[in-house]
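Written out below as structure tokens is the structure these notes cover.
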Amino acid sequence: MQAAARLPAAMTPGPAPTSAVIRPRIGVFDSGVGGLSVLRALRAQLPDAQMHYVADSGHAPYGERSDRHVLTRSRRIAAHLFDQGAQVLVIACNTATAVAAAALRDAWPGHPIVGVEPGLKPALALTRNGRIGVMATSATLRSDKFRRLLDTHARGHSVLLQACPGLAAAIERGQLDDPRLLALIDRFTRPLREAGVDTVVLGCTHYPFVRDAIQAALGREVQVVDTADAVARHTVTRLLGVAAARTEAGPLAPSRIVLQTSGDVTLLQRIAARWLDFPTDVAALPPGV
């Protein structure tokens with residue numbers, strides 16, 4: 001297990017209080033509950049950070065929506081998180097990253113924006129036989145961003161792209177032992193098994209919550225790559241460059257993790273209690289967001 005990151009003491013004119021620290025505020029969003037896998041990794045890296053997570057479950061999954069819809073929702077949620085004081089934005093969704101990250105960076109050039117992408121590079125380092133599978137939404141696999149990733153890193157390797165329609169939506173319902181969900185996993189892993197891949201990339205942040213089931217379906221000899229920890233480490237690096245971070249002196253209050261949803265609040269409360277090992281405040285996303 002990696003040690004949690006320690007951010008430096010805040011630099012202020014004159015003598016600074018010995019307990020002065022940078023308390024980052026991080027905004028995170030996903031089309032639904034899948035990005036909680038990234039939030040969990042962020043919490044492990046930055047236990048003192050204030051975090052605000054938006055699950056856009058009322059519009060999930062993004063991978064089955066039009067690019068225009070994903071871009072509109074991403075802009076609206078980013079504006080909300082920045083209005084609430086986020087200093088860094090983490091797009092915890094492969095589809096939203098592929099469709100909207102560039103536009104969000106153009107709209108908010110003063111804020112670091114961290115996206116996610118399928119972990120092709122680590123998979124290429126791990127594969128033994130040169131055959132890799134990528135499980136992702138159709139929107140991620142058809143995106144220009146993903147195609148550029150393939151062209152840049154996967155030349156000379158056999159990469160099998162496996163679209164998984166309905167899988168993120170099934171995970172979103174929160175019943176991870178549902179036979180219908182397990183049947184989808186078996187259906188989407190079968191072509192990967194038949195192709196003899198030895199490494200599989202989870203290209204959707206929902207999928208790590210059923211990683212054990214995916215691993216069982218693929219077989220123990222297949223390596224499964226998830227990028228949540230890498231995203232968390234990159235977020236720490238970007239935070240170190242945030243010059244406008246708030247400074248707080250004195251004993252630190254417990255970090256506050258706020259979850260908001262455009263969907264069912266009760267469902268998000270139940271999923272957060274089951275999937276996360278830290279307390280959260282759960283509420284509905286305000287009207288108009």
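A quick note: this is a predicted structure, and the numbers were derived from the prediction, not measured.
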Might you point out which heavy atoms bring [X] and [Y] nearest each other, and give the distance in Å?
X      : Y      : answer
Leu182 : Leu176 : CD2-O, 4.0 Å
Ala107 : Arg75  : CB-NH1, 4.1 Å
Leu184 : Ala170 : CD1-CB, 4.0 Å
Gly130 : Thr127 : N-OG1, 3.0 Å
Val225 : Gly119 : CG1-O, 3.9 Å
Thr280 : Ala272 : OG1-CB, 4.0 Å

request  = I would like to know whether Gln162 and Val200 meet side chain to side chain contact (heavy atoms under 4.5 Å, CB included); could you show each step before the answer?
outcome  = CA-CA 10 Å; Gln162 179 60 55; Val200 170; over 6 Å; no
Greater than 12 external heavy atoms within 6.0 Å of Arg187's CZ = no
ask   = Should we say atom CG of Asp144 is surrounded by more than 12 heavy atoms from elsewhere, each under 6.0 Å from it?
value = no
Residue pair [X] / [Y], side-chain heavy-atom distance below 4.5 Å:
X      : Y      : result
Trp275 : Ser37  : no
Asn94  : Phe146 : no
Leu46  : Leu239 : yes
Pro61  : His206 : no
Thr95  : Arg65  : no
Val33  : Phe209 : no
Leu259 : Leu39  : yes
Thr140 : Tyr62  : no

Nearest 0.5 angstrom please: [X] [atom1] to [Y] [atom2], how far?
X      : Y      : atom1 : atom2 : result
Leu150 : Arg155 : CG    : CZ    : 10.0 Å
Asp212 : Ile185 : CG    : CD1   : 10.0 Å
Thr266 : Ile271 : OG1   : CD1   : 11.0 Å
Arg73  : Arg68  : CZ    : CZ    : 15.5 Å
Gln87  : Arg238 : CD    : CZ    : 13.0 Å
Gln175 : Arg274 : CD    : CZ    : 5.5 Å

Any link between [X] and [Y] through a network of hydrophobic side chains (Ile, Leu, Val, Met, Phe, Trp, Tyr) touching at under 4.5 Å?
X      : Y      : value
Val258 : Leu268 : no
Val222 : Ile214 : yes
Ile113 : Leu71  : yes
Leu81  : Val99  : yes
Val70  : Leu167 : no

request  = Decide side chain to side chain contact (heavy atoms under 4.5 Å, CB included) for Val224 and Thr199; before the verdict, give the C-alpha distance in whole Å, the side-chain angles of both, and the deciding distance to 0.1 Å.
outcome  = CA-CA 6 Å; Val224 176; Thr199 307; over 6 Å; no
Would you confirm whether [X], through its side chain, and [Y], through its main-chain N or O, come within 3.5 Å as a donor-acceptor pair?
X      : Y      : result
Thr261 : Ala55  : yes
Ser66  : His69  : yes
Tyr53  : Gly35  : yes
Gln50  : Arg256 : yes
Gln223 : Ala123 : no
Gln260 : Asp281 : no
Thr97  : Val116 : yes
Gln84  : His52  : no
Asp226 : Arg211 : no
Arg147 : Leu141 : yes

query = Do Asp186 and Arg193 sit within salt-bridge range, that is, some charged N less than 4.0 Å from a carboxylate O?
reply = yes
key: Sidechain N-carboxylate O distance under 4.0 Å for Arg270, Asp264   = no
ask   = Distance only, no hydrogens: is a donor on one side chain within 3.5 Å (strictly under) of an acceptor on the other, for Ser57 and Glu172?
value = yes
request  = Evaluate the criterion side chain to side chain contact (heavy atoms under 4.5 Å, CB included) for residue pair Arg40 and Leu276; output intermediate values, then yes/no.
outcome  = CA-CA 7 Å; Arg40 188 171 57 185; Leu276 303 178; 4.2 Å; yes
Steps toward side chain to side chain contact (heavy atoms under 4.5 Å, CB included) verdict (Ile132, Val197) = CA-CA 5 Å; Ile132 296 167; Val197 302; 5.8 Å; no
note = Exactly one candidate in Ile257, Leu267, Val265 meets side chain to side chain contact (heavy atoms under 4.5 Å, CB included) with Val282; the answer is Val265
key: Partner of Leu89 by side chain to side chain contact (heavy atoms under 4.5 Å, CB included), out of Thr235, Leu104, Ile26, Val114   = Leu104
